[in-house]
Amino acid sequence: MRVEWVLLLAFPAKAAKLKPYLKKSEVQSFPPQALESATSRGPGTAGREDIMSLPFEPQSGPVSLEALRHSVSHIMADAVLRLFPEGKVAIGPPIEHGFYYDFELPRPLTEEDLPQIEAKMTELLKQAGEFQYSRLSRAEATKRLQDAGQPYKVELLADIPEGEDITFYDHGTWSDLCEGPHVESAGQIPKDGFRLLSVAGAYWRGDANNAMLQRIYGTAWWSKKDLKKYLVYLEEVQARDHRKLGREHDLFSLHPKFGAGLVFWHPKLGHVRRELEAWWWQLHDQAGYWPVYTPHVAGEPVFEQSGHLQNYSEMIWAPMDVDGHPHRVKPMNCPGHVTIFNSRRHSYRDLPLRFAELGTVYRYEPSGTLHGMLRVRGFTQDDAHIFSTPGQLEDEIVGVLDMVHTILTTFGYQYTAYLATRPEKSLGSDEVWEHAMNALKAAAARRQLPLQDDPGGGVFYGPKIDFKMRDALGREWQGPTVQVDFNLPDRFDIKFNDADNELKRPVMVHRALFGSLERFVGGLIEHFAGWWPLWLHPNPVVVLPIGSDQESAAGDYRNQIAAAGFRAEIRTDGPLRKRIRDAELEKIPYMVVLGGREVEQGVLNLRVHGVKEQRSLTMADFLAYLRDRRDQKSLDY
RNA sequence: GCUGCUGUAGCUCAGUGGUAGAGCACCUCCUUGGUAAGGAGGAGGUCACGGGUUCAAGUCCCGUCAGCAGCUCCA
């Protein structure tokens, strides 16, 4: 296992120099022994170090950044109403990294309007003066807002409960019903620290039945430098957009002729997926899951029995007629798994039974929500269902937590777990909820996994733990989930014969680790941005013979690399400089250069992606190095 | 689904009512190059689709589809 690393370690890949995004103090403590490796490796993929430190929220101003952003949103509203005096204002809060304000305006805004609004804001900043706070009686406030012709504000005011303070914040000639807090004076707002970013529609009060207002998003910081840093961060986010990378690196495509929201996995991403799936099955074999395969289509009665048709009919693809009976493409794998369970009588000795399937499902997502690979209409869930006795539940959940940890840390994701408790509308007795909640909590405690609260966030059929993961850019993604289900066991009347010869109801657990392969891999594209770890990399090695004299030797080298299980491609198109450049742009980790010298000495010249210096080494050392990196699932090259 | 914007070559984009363009990619030839772009030539388009206005539509209008920014939704 120990190889001659010394030479190789002299040129760590670019990614290895990067600091992990999260500070140690912010990092999960679960399980402690795994923490060190997960954080010290970092996501292994980054671009620039300053970007990796985002999102940053410097608190260097006289008041909080939130107050600054809130104040800038007022200035913006003031500016917009000066340009559109008949406009109506709704709400304008600070949000993460910025703010927005909602308006009803006589004409639709476009992004071309933003510079003009910004110019007006700059002008207003000079005259705005103090931010004055005042408390008004309800009658005074109502009159003020009615006189101003601001019906949305009047509505907001009416919703403030009796007894609570009604406050206004004024600057210059602007007066706004608002809780604050704000900056003390406009002079505290840096005139080159804000930027308007986009316009979009937004429903009044977030309700799709209400009027659609126009929302302007902006960002604000205490200095031009911070603003710049944030804008660079936004550029990096754009550059990593999986749709853009998907085109540039030939990873996937979508085709309206086949249908919106249906993903085509191209060869390179197909390789990534196959490697992921192979590993996934390996983990599931180790954890005692059985593979199952269930039909993609089922007669409607199946989904009536499961309840999906009644509760989610608008999300299920339209029925197709088969021999006069309506059938549906499956939106879920669980009915199939339950059907397998129910196909024979089970003893308590059979339990727990763990069924796993990479099950492709179709859901009719609204057209406006489709988004590359991240929100689609056909996707493959890495689905599993565990049928256990109530007493086994806790152990089973611990098993899932371990798999979650293995998977997320392997990719360098930080994660947070949320315990979603009973919602108002829900099924099941207090006792079963209590039992399931306790099992979830106890399992988390056994793994020292801190649980954040998500009160009422459970599904109607049972409580769950959801995982949010943080990627290389510090963005949060919806991650794995483990859910206890009290509904399907009843609906399908599943039973096992217990030791006392009584028929009892098993507990059913749904869990997904990737969630959907499409979404997870789409996220990986953005997380790794082309820097796939070696074990997943579709093009890990290119062999570059310098001249045609080395071409036959190149074939030889390539075959040795391929025999070791790594894809390797020989490229002879054009001068070496061009081929090096192409390989660098494609983020190919290892460039094996062969000239007369190398062939003569039986060595190869290795250039690692992002590292200008090269080294000579033997094929045996190179392959040992590759195998080690692959087997460790290293995030660095 | 809703509001707004967009749809021109494989990609990125120019083209403001009068004969469809550029760069990259691709193909052919030349070049055999020692670590981030060697040179020349060529091919490639039903200007998303359907309808309308006009002597004339990539360009103006309407509709459909798809994409984009959000909103709502996501068992």
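Letters A, B, ... are given to chains in the order of the sequence lines, protein chains preceding strands, and every chain is numbered from 1. Being a predicted model, the structure only gives us computed values, none of them experimental.
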Task: Y364(A) (side chain) and G1(B) (base): donor-acceptor pair under 3.5 Å - done: no

Task: Nearest-angstrom distance from the residue atom NE2 of H255(A) to P of A48(B) - done: 19 Å

Open item on the list: Checking N209(A) against D207(A): is there a side-chain donor and acceptor pair closer than 3.5 Å?
Closed with: yes

Task: Dot-bracket encoding of pairs in RNA chain B, which uses [ ] for pseudoknotted crossings and | for another strand, Watson-Crick or G-U under 3.5 angstrom - done: (((((((..((((....[..)))).(((((.......))))).....(((((..]....))))))))))))....

Open item on the list: What's the closest nucleotide to the side chain of T110(A) if the choices are U72(B), G67(B), C5(B)?
Closed with: C5(B)

Open item on the list: Would you say R243(A) places a side-chain N or O within less than 4.0 Å of OP1 or OP2 belonging to C68(B)?
Closed with: yes

Open item on the list: Is it the case that the side chains of H337(A) and T294(A) hold a donor-acceptor pair, with the cut-off being a distance below 3.5 Å and no angle test?
Closed with: no

- [ ] Decide whether H249(A) and E586(A) meet the rule of one side-chain donor and one side-chain acceptor closer than 3.5 Å.
- [x] no

Task: The single option from L606(A), N605(A), I570(A), L544(A) passing side chain to side chain contact (heavy atoms under 4.5 Å, CB included) against V592(A) - done: L606(A)

Open item on the list: Taking any heavy-atom pair under 4.0 Å as a contact, classify Y461(A): base, sugar-phosphate, or nothing.
Closed with: sugar-phosphate

TODO: Show your reasoning for whether side chain to side chain contact (heavy atoms under 4.5 Å, CB included) applies to I95(A) and Y100(A).
DONE: CA-CA 7 Å; I95(A) 53 174; Y100(A) 67 81; 3.7 Å; yes

- [ ] Examine A36(B): is either OP1 or OP2 under 4.0 Å from a nitrogen or oxygen in the side chain of R607(A)? Give yes or no.
- [x] yes

Task: Separation between NZ of K268(A) and NE2 of H537(A), rounded to the nearest 0.5 Å - done: 8.5 Å

Task: N/O (side chain, H371(A)) to phosphate O (OP1/OP2, G67(B)) under 4.0 Å - done: no

- [ ] Would you mind telling me which of R240(A), R475(A), R243(A) makes a side chain to side chain donor-acceptor pair (under 3.5 Å) with E526(A)?
- [x] R475(A)

- [ ] Quick one: label G595(A) by what it contacts on the DNA or RNA (base, sugar-phosphate, nothing), any heavy atom closer than 4.0 Å.
- [x] base

Open item on the list: Check the phosphate of U12(B) against R247(A), side-chain N and O only, distance under 4.0 Å to OP1 or OP2. Yes or no?
Closed with: yes

Open item on the list: Starting the side chain at C-beta, find the nucleotide from C73(B), G34(B), A25(B) nearest to N605(A).
Closed with: G34(B)

- [ ] Respond yes when some side-chain nitrogen or oxygen of Y217(A) is under 4.0 Å from OP1 or OP2 of C71(B), and no when none is.
- [x] yes

- [ ] Check whether any side-chain nitrogen or oxygen of K612(A) sits under 4.0 Å from OP1 or OP2 of A36(B), and answer yes or no.
- [x] yes

